[in-house]
There are 4 protein chains.
Amino acid sequence: MSPRSKAQNEAIRSKSIFLIKETALELFAHKGYHSTSISQIAKEAGVSKGLLYNYFSGKEELLEVLLLEAAEEIEVEITEIMETIADPFEQLKQLTGQSFLMIKNNLHHWRLVTSLAFQTDVLKDLESVLNAKKEVLIGQMVDLFRRLGMEDPVNEALYFAALVDGIILHYMMVGKDYPLEKMEALILTRYQNIK
Amino acid sequence: MSPRSKAQNEAIRSKSIFLIKETALELFAHKGYHSTSISQIAKEAGVSKGLLYNYFSGKEELLEVLLLEAAEEIEVEITEIMETIADPFEQLKQLTGQSFLMIKNNLHHWRLVTSLAFQTDVLKDLESVLNAKKEVLIGQMVDLFRRLGMEDPVNEALYFAALVDGIILHYMMVGKDYPLEKMEALILTRYQNIK
Amino acid sequence: MSPRSKAQNEAIRSKSIFLIKETALELFAHKGYHSTSISQIAKEAGVSKGLLYNYFSGKEELLEVLLLEAAEEIEVEITEIMETIADPFEQLKQLTGQSFLMIKNNLHHWRLVTSLAFQTDVLKDLESVLNAKKEVLIGQMVDLFRRLGMEDPVNEALYFAALVDGIILHYMMVGKDYPLEKMEALILTRYQNIK
Amino acid sequence: MSPRSKAQNEAIRSKSIFLIKETALELFAHKGYHSTSISQIAKEAGVSKGLLYNYFSGKEELLEVLLLEAAEEIEVEITEIMETIADPFEQLKQLTGQSFLMIKNNLHHWRLVTSLAFQTDVLKDLESVLNAKKEVLIGQMVDLFRRLGMEDPVNEALYFAALVDGIILHYMMVGKDYPLEKMEALILTRYQNIK
DNA sequence: GATGAATGAGTGTTCATTCAT
DNA sequence: GATGAATGAACACTCATTCAT
């Protein structure tokens with residue numbers, strides 16, 4: 001038995017880590033963070049509990065990794081839109097549409113993120129990182145509304161964010177019967193006249 | 001030598017129950033349902049764990065009582081507005097203002113209610129009761145927007161509800177620096193022209 | 001309000017004590033000693049928990065009183081038979097019949113007594129008292145078998161006692177379908193020839 | 001560095017399970033099911049409470065396993081006798097002797113089994129299984145007494161069973177001073193004449 | 001890299017008992 | 001004589017985490 005090469009080891013590691021994260025996300029999102037046990041994650045992922053602790057320092061770190069990845073995912077999507085589109089109204093339209101699409105495609109993910117926003121006991125250190133990301137996002141929105149020529153771009157950004165989050169909230173609670181497209185159209189009416 | 005009178009007992013009971021509920025609400029709201037232990041509630045309330053079980057059949061019932069009381073509180077406020085004011089725009093204005101006032105005055109309650117909307121592992125039996133109350137509320141809102149003369153009152157009601165909930169959500173996350181009044185004003189712009 | 005007379009007080013006491021004992025026996029026998037709580041006994045007896053502790057020093061003493069009374073009941077029955085009947089075979093016959101009659105009429109009672117014979121953790125101090133009573137009873141039986149002219153009256157007494165207890169045991173487990181009368185007849189065949 | 005082999009794990013598991021069962025049997029038998037706590041079993045067995053729950057789903061399952069094993073032990077012994085011996089009187093003699101031998105060698109087991117016959121609040125699901133085994137045993141006894149040429153083999157079987165159980169009962173209560181051999185001889189006198 | 005037996009602090013809950021009234 | 005609010009030690013059970021292999 002020759003020792004595994006570095007690349008082989010790396011591949012094995014990556015696969016196990018991916019499996020664990022995927023399973024954990026699925027379970028956290030479906031059953032909640034507290035109601036999901038490490039044993040369950042390990043069993044469902046087909047790895048031992050010990051291996052899980054080789055890759056993550058504990059249950060909380062596992063959660064933090066998942067949340068950070070989710071935040072980065074959003075960041076990438078938004079940056080993409082902001083950089084490839086020039087017209088502010090078109091940016092807003094794409095941003096809105098893309099937000100809802102992400103929610104639709106990944107309901108579990110977002111359920112988890114949102115539910116944890118209220119669990120101040122979990123997280124703690126992650127909070128500052130996420131807040132920083134949120135600040136950047138709000139800054140981009142303020143800029144967008146300024147370019148749209150609105151009088152009070154700061155509050156308009158907050159208003160828009162609240163509206164989108166409120167709709168997401170309701171969609172998460174109601175499910176697929178929620179008229180997401182109708183809401184999307186209604187959001188934009190406010191800015192269409194201004195255009 | 002004679003046993004305590006019924007009134008005396010009732011007073012003692014009420015005081016203890018109030019203490020327990022108040023403490024539980026505070027803790028559930030701040031740390032989350034799962035992360036708050038019965039021992040902690042009892043200790044913070046200054047009573048024994050045993051006494052808590054004299055008044056509530058368990059941790060879950062304690063939560064249910066708190067949620068039902070919160071739901072009833074809203075119900076009363078809204079009914080009051082709907083019955084004492086005739087003009088639909090004025091109703092909407094009052095409803096919005098009152099909602100934000102309630103949140104401001106009772107942040108704990110609302111943190112708890114909102115956070116539990118995502119904890120599908122708790123509740124279960126209470127869900128149907130709360131859903132029924134929500135349906136009634138939505139119905140009242142649809143009627144209001146119809147009286148306002150809007151074209152699609154159903155979706156307008158959902159839009160309004162999402163907007164208000166989104167703002168509440170953000171207020172809960174940001175705290176007292178959040179420009180609640182500014183948002184309140186922005187909400188109403190949509191309906192002012194129609195008036 | 002004139003103070004109650006001594007006799008009145010005594011009557012009140014007796015009634016309460018009787019009520020508590022009756023209820024406790026019923027519950028202990030039906031649900032088992034450990035599965036019956038003091039609260040339940042008090043509630044079912046219609047008295048307060050405090051009153052119960054006025055009359056009995058605790059749950060265990062309550063049980064001991066019940067067991068002692070049961071033991072005395074048997075003692076009385078047996079003494080009655082031994083004193084009013086002269087012929088040893090007739091005594092044996094009456095003793096057997098009476099034993100089964102008592103079981104039949106008071107199944108719960110006996111279930112309790114028997115089940116507790118195996119719970120060495122309960123009781124302790126009562127054990128010596130009950131053993132003394134048992135010794136007396138065995139002595140009477142030995143004497144009876146001696147008068148019957150049997151060769152080894154000591155072992156015959158033990159044999160008879162085991163037989164009766166075994167039948168009682170099975171009757172308690174099977175219930176009213178058990179052929180108690182048939183067994184009664186079979187018991188006596190051993191001694192009929194000797195007569 | 002490599003994980004333990006399956007065989008190694010199995011050996012470790014078996015040892016722990018054996019230790020737990022042995023301790024639990026000892027304690028259940030001596031102090032009764034309700035009066036024995038899981039903590040006590042774990043401590044006495046020299047393992048942690050958690051380990052106990054790795055192997056048994058709870059206190060009740062632990063009990064059930066012990067009872068089932070006891071029942072199977074009897075079954076095997078009896079089947080052995082019934083299959084290797086042809087003469088019915090010799091079978092009866094062996095059965096009696098073997099029964100008492102088993103009791104002597106395994107007093108704990110039997111104390112537990114007997115005491116639980118009266119604890120109707122425990123068990124429930126196991127009852128049907130045990131009753132089925134008992135029916136089979138009674139059936140075999142009836143057949144034996146029929147082959148012995150007795151007039152009423154059904155009731156003779158019940159009589160014999162009661163007698164044996166009664167003696168066992170007394171032996172369990174009295175201990176090693178009980179004249180088990182004398183009783184064994186007395187039992188058989190009834191059937192010796194018939195032979 | 002990987003395992004899973006083992007731990008123990010923690011959970012929610014029960015209940016015999018006390019005592020101020 | 002009588003009450004029941006209050007206690008706290010004990011219970012069965014869970015699970016994140018460790019570590020020998």
Side-chain angles (χ1 to χ4, degrees), chain A residues 3-4 8-10 12-13 15-16 34 36-43 47-55 57-60 62, chain B residues 1-6 8-13 15-17 34 36-42 47-60 62, chain C residues 3-4 8-10 12-13 15-16 34 36-43 47-55 57-60 62, chain D residues 1-6 8-13 15-17 34 36-42 47-60 62:
Chain A
R4 282 188 281 258
Q8 276 177 313
N9 268 337
E10 186 51 39
I12 291 172
R13 287 177 62 91
K15 199 187 151 200
S16 291
H34 284 106
T36 302
S37 73
I38 287 285
S39 295
Q40 207 178 357
I41 296 171
K43 184 181 285 175
V47 301
S48 69
K49 271 186 284 181
L51 191 61
L52 200 152
Y53 278 90
N54 272 1
Y55 296 131
S57 72
K59 193 182 180 184
E60 191 158 346
L62 178 50
Chain B
M1 297 295 174
S2 50
R4 277 188 281 254
S5 73
K6 281 201 172 165
Q8 275 175 310
N9 269 329
E10 190 47 43
I12 292 171
R13 291 174 63 89
K15 198 186 147 201
S16 291
I17 291 175
H34 281 112
T36 302
S37 76
I38 287 285
S39 297
Q40 208 174 0
I41 296 171
V47 301
S48 68
K49 266 191 289 180
L51 190 62
L52 202 151
Y53 281 90
N54 271 3
Y55 296 128
F56 302 94
S57 71
K59 194 182 180 185
E60 191 157 349
L62 178 50
Chain C
R4 282 187 282 257
Q8 276 177 312
N9 269 338
E10 187 50 40
I12 291 172
R13 286 177 63 91
K15 199 187 151 199
S16 291
H34 284 107
T36 302
S37 72
I38 287 285
S39 295
Q40 206 178 357
I41 296 170
K43 185 182 285 175
V47 302
S48 68
K49 271 186 285 182
L51 191 62
L52 200 151
Y53 278 90
N54 272 1
Y55 295 131
S57 71
K59 194 183 179 182
E60 191 157 346
L62 180 50
Chain D
M1 296 299 172
S2 50
R4 278 188 281 255
S5 73
K6 280 201 174 168
Q8 274 176 311
N9 269 329
E10 189 48 44
I12 293 172
R13 291 174 64 90
K15 198 186 148 201
S16 292
I17 290 176
H34 281 113
T36 302
S37 74
I38 288 286
S39 296
Q40 208 174 1
I41 296 171
V47 301
S48 68
K49 263 189 292 180
L51 190 62
L52 201 152
Y53 282 93
N54 270 4
Y55 297 127
F56 303 94
S57 70
K59 194 182 180 184
E60 190 155 350
L62 179 50

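What's counted below: heavy atoms across the whole structure, side chains too, no hydrogens, waters or symmetry copies. Order of the sequence lines fixes the chain letters, A, B, ..., with proteins taken first and strands second; residue numbering starts at 1 for each chain.
- Looking at the side chain of Ser48(D), the nearest of the listed nucleotides dA6(F), dG8(E), dA2(E) is dG8(E).
- Atom C1' of nucleotide dA5(E) and atom NZ of Lys15(D) are separated by 12 Å, given to the nearest angstrom.
- Expressed to the nearest 0.5 Å, how far NZ of Lys43(A) lies from CG of Leu52(A) amounts to 14.0 Å.
- Minimum interatomic distance between Gly58(A) and Tyr53(A) (heavy atoms only, all atoms of both residues): CA-CE2, 3.9 Å.
- For DNA chain F, if you chain together Watson-Crick or G-U pairs that step i with j, i+1 with j-1 and so on, the runs of at least three with distances under 3.5 Å are E:2-21 with F:2-21.
- As judged by a 4.0 angstrom heavy-atom cut-off over every strand, Phe56(B) is placed among residues making no nucleic acid contact.
- Between Phe56(B) and Ile17(B), the closest side-chain pair of non-hydrogen atoms falls below 4.5 Å.
- Atoms NZ and NE2, on Lys59(D) and His34(D) in that order, are 6.5 Å from each other to the nearest 0.5 Å.
- The two residues Lys49(B) and Ser39(B) come nearest to each other via the heavy atoms CD-OG, 3.5 Å.
- To the nearest angstrom, C1' of dA6(F) lies 12 Å from CZ of Arg13(B).
- Rounded to whole Å, atom C1' of dC15(F) lies 13 Å from atom CG of Leu52(A).
- The CZ-C1' distance, from Arg4(D) to dG1(E), rounds to 16 Å in whole Å.
- Atom CG in Leu51(A) sits 5.0 Å away from atom OG in Ser48(A) (nearest 0.5 Å).
- Rounding to the nearest 0.5 angstrom, the gap separating the CG atom in Asn54(D) from the CZ atom in Arg13(D) is 8.0 Å.
- Taking the nucleotide of DNA chain E with the nearest heavy atom to each of Lys6(D) and Gln8(B), the more 5' of the two is matched to Lys6(D).
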How does protein contact run along nucleotides 11-16 of chain E, one letter per nucleotide 5' to 3', with B for base contact, S for sugar-phosphate only, - for none, heavy atoms under 4.0 Å?
-> SSBBBS

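- Residue Ser5(B) is out of contact with every strand shown, counting any heavy-atom pair closer than 4.0 Å.
- Between Ser16(D) and dA6(E) there is a side-chain polar atom (N or O) within less than 4.0 angstrom of OP1 or OP2.
- Here dC11(F) presents its P atom at 11 Å from CD1 of Ile41(D), a figure rounded to the nearest Å.
- Nucleotide dA2(F) holds its P atom 17 Å from the CG atom of Asn9(B), rounded to whole Å.
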